[in-house]
Amino acid sequence: ASSHPLWPDIERKVASQVSMAKLGVGECGAGWQLFAEDGEMKMYRREEEVDGLVVDPLKAVHVVKGITGFEVCHHFFSPQYRYDWETTLEHMVVVETISEDTILFQQTHKRIWPASQRDAVFWSHMRRLPDDQDREGPDLWTVVNQSTELPQYPANTGKCVRVYLTVCLLCQTLVNPPKNGGPVTRDDISCKITYCSVVNPGGWAPASVLRAVYKREYPKFLKRFTAYVMSKTKDKPIRF
Ligand SMILES: CCCc1ccc(-c2ccc(S(=O)(=O)CCO)cc2)cc1[C@H]1C[C@H]1c1ccccn1
């Protein structure tokens, strides 16, 4: 859908988000603090405020056995699975399917007391990326979600405060071929996941409340989402 008016924005945002996601937490500037750890999952955040609003960037890294980067991105991108794993979601509208890899969403998230309810309007784009190290391994897959303005969903007109988000899910499949030269099974694959997000809450919400919500919700979200992908794929042929 290179003809769509959003296309130049999508190209630019995907390139910048992927290059930032590839940077380790040590590299992309100081200030990343580890705030949650669970097995292979490590979650970092930077404490940042814009106009007095908490917009703490978040970067999570995780390695999950038995699934591929395509399968992780496919289940994150595709609307038909979202109510199964996104527990804070109250309502999701597919506003426009721009192409098979680009969709416009409007979502309302459940209210988190005492903050008022939030909604988000964003484009979502899924793409395979050539592996720049040119190793023989499978390619990288990414999904980028970026807030955008839509005239049919004006911000802050109803009960919800509009959030502004940028999210990048970057996945690398790792294959460890069996010694006996047999076929690759799910025991021989794993997926390195990098999840980056910046959510500007839009309207004022107490910093302490937002930080507590993020501290609780993000680890829960990534654990639940990856467990969901494992459950949906475990008896199915591997899709790279
Ligand atoms: C005051 C801010 C409320 C709030 C608005 C929005 C979001 C949010 C929206 C989208 C995405 S996603 O990764 O694009 C997956 C598609 O849904 C993640 C998070 C999170 C919160 C807060 C509720 C918290 C939260 C944090 C992490 C995951 C889910 N929810």
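Just follow the structure's listing: the first ligand is 1, and inside any ligand the first atom is 1. Keep in mind that what you see is a predicted model, and the values were worked out from it rather than measured.
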Which option wins on minimum heavy-atom distance to atom 18 (C) of ligand 1: Phe122, Tyr195, Tyr164? Tyr195
Answer with side chain, backbone, both or neither: which part of Thr87 has a heavy atom less than 4.0 angstrom from an atom of ligand 1? neither
Have a look at ligand 1 and work out which part of Ile112, if any, has a heavy atom under 4.0 Å from it: side chain, backbone, both or neither. side chain
Please check if the distance between the ring centroids of Trp7 and His125 is under 6.0 Å. yes
When you measure from atom 19 (C) of ligand 1 to every protein heavy atom, which one gives the shortest distance, and what is it? Tyr218 OH, 4.2 Å
With under 30° as parallel and over 60° as perpendicular, where do the rings of Phe221 and Tyr218 fit, or are they tilted in between? perpendicular
For atom 10 (C) of ligand 1, the protein heavy atom that lies nearest, with its residue and separation: Leu165 CD2, 3.7 Å
Can you tell me the protein heavy atom closest to atom 15 (C) of ligand 1 and the distance? Glu86 OE2, 3.4 Å
Ring centroids only, cut at 6.0 angstrom: are Phe105 and Phe122 within range, meaning strictly under it? yes
For His109, counting its heavy atoms only, list the atoms of ligand 1 lying under 4.0 Å from any of them. 6 (C), 7 (C), 8 (C), 9 (C)
Compare all side-chain heavy atoms of Tyr195 with those of Leu170 and state whether any distance is below 4.5 angstrom. no
Looking only at side-chain N and O atoms, does Gln146 offer a donor or acceptor that is under 3.5 Å from a partner on Gln17? no
Aromatic ring proximity, centroids under 6.0 angstrom, His75 and Phe225: no
Is Asn145 close enough to touch ligand 1? Criterion: a residue heavy atom under 4.0 Å from a ligand atom. yes
Going by a strict under-4.0 Å cutoff (protein heavy atoms only), does atom 26 (C) of ligand 1 have a neighbour on the protein? yes
